[in-house]
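Both backbone and side-chain heavy atoms feed into the values below; hydrogens, waters and symmetry mates do not.
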Amino acid sequence: MAPHSSPHPARRPLTPAPFVLRLCLHLLMAGLLVLAAVRAHSAAGTVAAAVTGAVYAAGSYLPPVRTSRRAAAVWLGVLGASWLAMLWLTPEALWVAFPLYFLQLHLLPVRWSLPAVALTAGAAILSYVGHGAALNPGVFIGPLLGAAVAVATVLGYQALYRESERRRRLIEELIGARAELAAAERHAGTLAERERLAREIHDTLAQGLSSIQLLLRAAERALPPDSPAAGHIERARRAAQDNLTEARRFVRALTPSDLEHGSLAAALERLCEPGAGAYGPEAGAYGPEAGPRVRFSVSGTPVELPTPYEVALLRIAQSALANTVRHASASRAEITLSFMDASVTLDVVDDGEGFEPGSVRPSSEGGFGLPAMRARAESLGGTFTVESAPGQGTAVAVSLPLSPEDRSPTAGGTA
């Protein structure tokens, strides 16, 4: 709507619509100045129209006017003064008031532009009367109606522009959020696949090789000392042992990063430390500073657990703490890892608001925390229970069975 953009350093390139409006305003101003110069009854009026045109053209190309609101205001003042001089010399300058309205509304703040438009319209009316024109409603209606049209057009355009910018920013935010969500889903899918592969390798390949090794040991003991097959069985047993070691290395390589530098107990203890960040990938942007104080304890004699067990228990603890932070408004929470003769149990208890477990449904945000935790536990042959009531906190418990070969004590004792 102006010969140049509004004075702002972070100006974006003109889109086709503003460019066309800018060009139309240039042509309108040039045409009205030419009309005023041609119809002026004196050389002074023609010179004044030429000076006004020169001032207008200079403002269209001077960089400070395009980037500084103060420079734009000074330019508008000089342009207005030259127009007043032309208005004094010829009544034909009245028509130049119309593009001046647009310039004032576009380049000045509203608290200044509206008074400037009113003064310009008043000057046009007084000049027309001062040059001896007969008083009639058109003398007042013309400039005032032009001012009203300019105000409605510019303010309406600015409102539409602000709405367009708001929508553009919203679309950019949505695109960014969609990209982040896609990246998070890819990461979650990668972790899930790594865990699945680790579980499959452990439950099939590693267990099969371990069984082969045990059978070869039994066969080795059953053979006479001088049996020619003893050497072949020994080599087969060593090959099985080497491949079992390699399979376990694969399982360790696929283990989540939380378990790479220590035991499950150590990973759970780090999860409860203040300043440790969000409670796992499911927690979002909720840290301990926004949640409850969490305490961790170990009951019984720790044993070395299968990797799928460690992964499942760690992920369930993370999900349970994430739910506590997001929904429970709890001040305290406790995680207990219990090693018993035939099972390992994880309990996550908080003193929060509680809820009716039977009434829980997936949230509108797509949350499936409790069903996902239950699925993890049941996929390993375990059980998952939730005890809660409104105002009485929540207790989440998961129990996984242990076979006799799993119950050898781990190094390091209790955490």
Pair E165 + R168, salt bridge at N-O below 4.0 Å: yes

Side chain proximity check, V348 to M373, heavy atoms < 4.5 angstrom: no

Residue pair A240 / I212: nearest heavy atoms and the distance that separates them: CB-CG2, 4.2 Å

Side-chain donor/acceptor of S319 to backbone N/O of R315, under 3.5 Å: yes

From CZ (R238) to CD (Q241), nearest 0.5 Å: 11.0 Å

Within-4.5 Å side-chain heavy-atom neighbours: P292 and D350: no

Side chains of T394 and N323 in contact at under 4.5 Å (non-hydrogen atoms): no

Pair L402-L305, side chain to side chain contact (heavy atoms under 4.5 Å, CB included): steps then yes or no: CA-CA 8 Å; L402 290 177; L305 298 174; 3.6 Å; yes

Atom pair CD/CG of E269 and L337 - distance to nearest 0.5 Å: 11.0 Å

Closest heavy-atom pair and its distance - A377, T383: CB-O, 4.0 Å

Closest non-hydrogen atom pair, L223 against S227: CD2-OG, 3.8 Å

Donor-acceptor under 3.5 Å (R374 side chain, F384 main chain): yes

More than 12 heavy atoms from other groups under 6.0 Å of CD on E378: yes

Donor-acceptor contact below 3.5 Å, side chain S388 vs main chain E356: no

Ion pair E172/R169, N-O distance below 4.0 Å: no

Closest non-hydrogen atom pair between L264 and E310, with its separation: CD1-O, 3.6 Å

F339 to T301 - nearest heavy-atom pair and separation: CB-O, 3.2 Å

Charged N-O contact under 4.0 Å between R217 and E220: no

Result of checking V298, L313, D347, L321 against I335 for side chain to side chain contact (heavy atoms under 4.5 Å, CB included): L321

Nearest-0.5 Å distance that lies between atom CD in E334 and atom SG in C272: 9.5 Å

Min side-chain heavy-atom separation Y309-L346 under 4.5 Å: no

Closest heavy-atom pair and its distance - L216, I233: O-CG2, 3.5 Å

Side chain D351, main chain S331, donor-acceptor under 3.5 Å: yes

